[in-house]
K.L.:
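There's a structure below that I have some questions on.
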There are 2 protein chains.
Amino acid sequence: MDFEAIKAHLAKKGLKATHQRLVVLQCLLMLKNHPSVEQVYEKIRPGNPTISLGTIYKTLETFVEAGIVQRVSTKEGAMKYDANLSRHDHIYSTNTQEIIDFEDEELSKIVENYINKKRIGNFKVNDIRIQIEGEKINPEKDIDII
Amino acid sequence: MDFEAIKAHLAKKGLKATHQRLVVLQCLLMLKNHPSVEQVYEKIRPGNPTISLGTIYKTLETFVEAGIVQRVSTKEGAMKYDANLSRHDHIYSTNTQEIIDFEDEELSKIVENYINKKRIGNFKVNDIRIQIEGEKINPEKDIDII
DNA sequence: TTTTAAATAATAATAATTCTTATTTAGGAA
DNA sequence: TTCCTAAATAAGAATTATTATTATTTAAAA
């Protein structure tokens, strides 16, 4: 999603393409590590010293409502946001406090089909997520998915 | 898990079986709806008017450390706790803000096997959770899983 | 029983988030 | 392009959620 695509997306939702919004979204797309509001703030501040923390809170929630970013489900601390809208899951590393993207179309399909077959009465399923929790063996190195 | 089993469990962890702890755990086992600290507090207070909110915070976190209850992963608001330790997943109803238990051994096994087969390098998997997000058709009625 | 380390109540402190309002600005209209 | 206006922002106050502190109480071992 480039700048023009973002602007178009905002316009479609009747939202103004302010400098603050573009910077916040660009930051989210760059970071990729599901940052908190505070982390976005610290990243952006050097280049935008007058931006307000409240604006970042508001901007991110506006994006959630507009369907441009998603909240990340966690068991602790501050809210985290994710600009990766492709169907994907998360690996939670408890010892390093990282949340890493995990993409596996095949697994997603298997689970989706299973649940659709099962049918849940009086309920409309909108999204299915798999959370893989565990810990990095070597916290310094990246995990690698074979 | 009855009272004596709880006492034994606490003793095994070197924790005192205080009245407050027993009441909090009993409440959690009864409620089953993954309550927040505040919800436990309101539920317990009538019968235990001198109990302190801070004690409930502390008690629940003590239970988490002792492995007696688990935190529930959410995208918003206050922390929620779950005393159901059997392997299970959660259905998140966004329109009613409910979190409902979902047990399906077969699905759990399928996903677990799939991920174990895949192997994630430099990472030790401890837990796999499936989150089903959606909305109740009729918010008044329960969902029913066929 | 007595002792004592652990737990609690009460409350202060901190952290995370939301709200309020005066000022600024994006984007449409003239 | 300039003007207009509704929407957005900055700054900071207020609220909510959680954690820390400390004097007092209590479970459970001696």
K.L.:
Please give the remaining members of the hydrophobic cluster of A:Tyr92, linking ILVMFWY side chains under 4.5 Å, ordered by chain and number.
P.N.:
A:Val72, A:Ile99
K.L.:
Kindly write out the residues that satisfy ring pair (Phe, Tyr, Trp, His ring centres under 6.0 Å) with A:His34, not counting sequence neighbours, or none if the list is empty.
P.N.:
A:His90
K.L.:
How would you list all residue pairs meeting side chain to side chain donor-acceptor pair (under 3.5 Å) that involve residues 11-27 of chain A, not counting sequence neighbours?
P.N.:
none
K.L.:
By the salt bridge (charged side-chain N to carboxylate O under 4.0 Å, His left out) test, which pairs, at least two apart or in different chains, include something from residues 127-138 of chain B?
P.N.:
B:Lys75-B:Glu133, B:Glu98-B:Lys136, B:Asp127-B:Arg129
K.L.:
Which pairs, with at least one residue in residues 30-40 of chain A and sequence neighbours excluded, count as a salt bridge (charged side-chain N to carboxylate O under 4.0 Å, His left out)?
P.N.:
none
K.L.:
Sort and list the pairs that fulfil side chain to side chain donor-acceptor pair (under 3.5 Å) and have at least one residue in residues 110-124 of chain A, not counting sequence neighbours.
P.N.:
A:Tyr114-B:Asp104, A:Tyr114-B:Glu106, A:Lys118-B:Asp104, A:Lys124-A:Asn126
K.L.:
Given C:dA9, is OP1 or OP2 found less than 4.0 Å from the side-chain N or O atoms of B:Gln20?
P.N.:
yes
K.L.:
Test: salt bridge (charged side-chain N to carboxylate O under 4.0 Å, His left out). Region: residues 56-74 of chain A. Which pairs qualify, not counting sequence neighbours?
P.N.:
A:Glu61-A:Arg71, A:Arg71-B:Glu76
K.L.:
Rounded to whole angstroms, how far apart are CG on A:Leu10 and P on C:dA26?
P.N.:
13 Å
K.L.:
Treat primed atoms plus P, OP1 and OP2 as sugar-phosphate and everything else as base, then score nucleotides 16-30 of chain D 5' to 3': B for base contact with protein heavy atoms under 4.0 Å, S for sugar-phosphate contact only, - for none.
P.N.:
-SBB------BBS--
K.L.:
Would you list the pairs meeting ring-ring contact (aromatic ring centres under 6.0 Å, His included) in which at least one residue belongs to residues 41-76 of chain B, sequence neighbours left out?
P.N.:
none
K.L.:
A:Ser93: which residues meet the side-chain hydrogen bond (donor to acceptor under 3.5 Å, both in side chains) condition with it, sequence neighbours left out?
P.N.:
A:Asn95, A:Thr96
K.L.:
Rounding to 10 degrees, work out the angle separating the end axes of the helix from C:dT1-D:dA30 to C:dA30-D:dT1 (five pairs an end).
P.N.:
30°
K.L.:
Looking at residues 41-52 of chain A, who's got a heavy atom less than 4.0 Å off DNA chain C?
P.N.:
none
